[in-house]
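Beneath this line is the structure, given in structure tokens, with notes to follow.
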2 protein chains.
Amino acid sequence: MYNELSPRKQAILKAIVDAYIENGDPVGSKALTQSKQFVLSSATIRNEMAELEALGYLEQPHTSAGRIPTELGYRFYVDALMQDYALSQGELAELNSMLKAKSAEIDKLIHNAGKVMANLTNYTAIAVKQSPGRNTVTRFSLTYIDERNFLLVMVCGKRSAKTRFVHTDVPVNEEVLRMLEQVLNNFVAGKDLSTLTLPYLMQMEQCLGNYAGLISPIIKFVYEAVDKDEERDLHIDGVDKLLEYPEFMESGKLKDMLGMFDRKDELFELFDEEGDDVTICIGREKGVEAMAGSSLVFKKIVVGGKTVGAVGVIGPCRMDYSKVVSAIRYLSDGIASAFLPGSGQLTPPSAPDEPNKH
Amino acid sequence: MYNELSPRKQAILKAIVDAYIENGDPVGSKALTQSKQFVLSSATIRNEMAELEALGYLEQPHTSAGRIPTELGYRFYVDALMQDYALSQGELAELNSMLKAKSAEIDKLIHNAGKVMANLTNYTAIAVKQSPGRNTVTRFSLTYIDERNFLLVMVCGKRSAKTRFVHTDVPVNEEVLRMLEQVLNNFVAGKDLSTLTLPYLMQMEQCLGNYAGLISPIIKFVYEAVDKDEERDLHIDGVDKLLEYPEFMESGKLKDMLGMFDRKDELFELFDEEGDDVTICIGREKGVEAMAGSSLVFKKIVVGGKTVGAVGVIGPCRMDYSKVVSAIRYLSDGIASAFLPGSGQLTPPSAPDEPNKH
DNA sequence: TTTTAGCACTCCTTTCATTCAAGTGCTAAA
DNA sequence: TTTAGCACTTGAATGAAAGGAGTGCTAAAA
């Protein structure tokens, strides 16, 4: 589909997108000839631009304005035309200093990554933290509080734990809790939830005699704890950056965005993507109406084969994709390797030696 | 200070604030006479308004506009003039249906309260969840995971628990953990942290022999868990509601707000208030520059003498205080009584029988 | 002494016409 | 195939004019 574009058309498209990303004004044929990168007259470029528009890569806000890229134009740009951006020394320093403070939990690191991203790119950043879906509880532990209350601790995998306070109508004591704990560890720990059939549960209840009534509320908690959506968490940073881009100042765009930021479920869906490298969603490509005019760039954070979260930025379609992509890739990989067991040192994904001045 | 205002001035001030809150246009003398609540000519009212302005309760955007309240004007209004708003049946139903879904943790309830508040009042809502400061850990529980890892569970009070994964250099087993657990429960549980002096810690370490090295990282976690700031959490809902008020559309107000929403620390400070009833912060009263033109109304949620959070709304100074106050009071008290042990039924703070049409 | 009618004045908002500049498409020539 | 030239379109910027809302002040009325 793309090969219908001659090299010259591609060069012109690239120049237009680059220029438009940089200053936000529709770019006309004259501006391109003045930029000295083409030895063509404005008329020739005009013809090419007219064809690019007919092909759907460009559009005109109105008759007497220059051209701006369409969603298709941006798509082609990020897929085929965009150049790699090498992070500057200062930018690398900023990212690294964040990554080195890896003392804390991965949650905090991801959260901080959002703040850093927002600052570095000057777009709104989204940091997603998600525990791997479809857990099983690997171990139970019950802690006595008083006759009617105890704490249920569920260890999921080796890296996360959830607690619930359980109130009982039957009085309990340490001994009962030990027994219950043992039953849970024998019957439920490590099992997939689908194996918890009714007869199976009844078997457990038999083991507990008078305390059989405790099982069903606990199982409810287990379901809740294991439920995939339960453990997703999403932080948005630098919302005020949106205001720096005129595309959000008019019409209802800003409202759309802020509304979407409130409906986190909808946001999560945007992050459901197969790819493992940086994903770029331009405008309504994913079918989300509120994304019209905006783009989302993100990358999953994968530690030891498990997706533990993602980090991304959201901003106008007219976004500095090449810089954003570089920053996100660096940060996402950096977080991942900071948490890879054993690896203390970061391994930057690319060797940036010559910083771009942008 | 306030008694310098004659009853008539108060009535006029009230009428002005009411009218301005309702439609956002500066209110002139003519509008007041037309409202039929005064049997005075516009000239008389003009004189009164001029005096109210001289006293600092009103101001004029420009010479040929009506008057709008100053921060002092709003202050007087909320302190002395504002009428109680009786929530309508529909509004009560909305609030109650939220409160009845009390299955979940108090965290979730508070979070939901924010969403409901935002919808009901049409202002941005803030839901604060804070565990009572300066906890002690009341009980420890250790769960074996593998030779080098175990889970540390710290129960604080009877209502909250925190977990930490601990990695050890010394191999451990169930037995060791039991011993360690006992030591922690004997020496640390229920103690104020200030009693954990160095000699005291050394005494503990003696009890543990080879495993003395485990104590210090655990104590570090205890400090973290007990640290006051650790457990504050804040959710903002309905940010897009800001856009419905023209005061945020111009100048940098919106940016100020969004910026403040990002700096949660600053927000938390606004919620540090002594009072137990609804608190109203008008504009820069609390010394926060970003609050210029905006007001915050909130109320702590107090369960059994402990502050567990707060719920509030933030919006333009021109806010429907009376409705907001009623809603917040109802919700805050509702959450509190939903979580008061034993009390299944809600006890509404006031008996609303005749809904206001507003 | 207080209230009110009357009036000149201020200042914002809206409207309309005009001008200006940028950029285009098209045609014809190179 | 490219380019110069030109007529045309359109939004943005400017400024004058009109309109309106509201005020303060003065003097008369209650």
Extract all donor-acceptor atom pairs below 3.5 Å that involve side chains of residues 235-243 of chain A and protein atoms in other chains or at least two apart in sequence.
residue  : atom : partner  : partner atom : Å
A:His235 : ND1  : A:His111 : NE2          : 3.4
A:Asp237 : OD1  : A:Lys115 : NZ           : 3.3
A:Lys241 : NZ   : A:Asn122 : OD1          : 3.3

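- As rounded to whole Å, 11 Å separates atom P of C:dT2 from atom CD of B:Glu48.
- For the pair B:Tyr20 OH and D:dA21 P, the computed distance is 18 Å after rounding to whole Å.
- Listed by first then second residue, pairs satisfying salt bridge (Lys or Arg N to Asp or Glu O under 4.0 Å) with a partner in residues 10-19 of chain B read B:Lys14-B:Asp18, not counting sequence neighbours.
- We find that CD of A:Gln34 is positioned 15 Å from P of C:dA21, with the value rounded to whole Å.
- Across the protein-nucleic acid pair, B:Leu52 atom CG and D:dT23 atom C1' stand 15 Å apart, rounded to whole Å.
- Taking atom CD on A:Glu53 and atom P on C:dG23, their separation rounds to 15 Å, with Å as the unit.
- At a threshold of 4.5 Å between non-hydrogen side-chain atoms, the residues A:Tyr321 and A:Ile21 count as touching.
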Strictly under 4.0 angstrom, non-hydrogen atoms only: write out the protein contact profile of nucleotides 13-18 of chain D, one letter per nucleotide from the 5' end, B, S or -. ------
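- Take A:Arg263 and apply the salt bridge (charged side-chain N to carboxylate O under 4.0 Å, His left out) test, not counting sequence neighbours, and it matches A:Glu266.
- Taking atom CD on A:Glu51 and atom P on C:dC26, their separation rounds to 12 Å, with Å as the unit.
- The side-chain contact (heavy atoms from CB on, under 4.5 Å) check on B:Arg284 picks up B:Glu71, B:Glu289, B:Ala292, with sequence neighbours excluded.
- Distances shorter than 4.0 Å separate none of the side-chain N or O atoms of B:Arg67 from OP1 or OP2 on D:dA21.
- Taking A:Glu273 as the reference, A:Lys286 meet the salt bridge (charged side-chain N to carboxylate O under 4.0 Å, His left out) condition, with sequence neighbours excluded.
- B:Glu94 pairs by the side-chain contact (heavy atoms from CB on, under 4.5 Å) definition with B:Val116, B:Asn119, B:Leu120, not counting sequence neighbours.
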Each nucleotide in nucleotides 3-15 of chain C should get exactly one letter: B, S or -. Can you fill that in based on protein heavy atoms under 4.0 Å? SBBB---BBS---
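- Annotation: side-chain contact (heavy atoms from CB on, under 4.5 Å) contacts of A:Asn47 (sequence neighbours excluded): none.
- A:Lys253 has no carboxylate O lying under 4.0 Å from a charged side-chain N of A:Glu247, or vice versa, which leaves the two without a salt bridge.
- Listed by chain and number, the residues in a side-chain contact (heavy atoms from CB on, under 4.5 Å) with A:Ser35 are A:Gln37 (sequence neighbours excluded).
- For residues 18-50 of chain A, no residue pair satisfies the ring pair (Phe, Tyr, Trp, His ring centres under 6.0 Å) rule, not counting sequence neighbours.
- Secondary-structure stems of DNA chain C, taken as three or more successive Watson-Crick or G-U wobble pairs (i with j, i+1 with j-1) under a 3.5 Å distance threshold, comprise C:1-30 with D:1-30.
- Rounded to whole angstrom, the span from the CD atom of A:Glu59 across to the C1' atom of C:dG23 amounts to 16 Å.
- With rounding to whole Å, A:Leu32 atom CG is found 14 Å from D:dT3 atom P.
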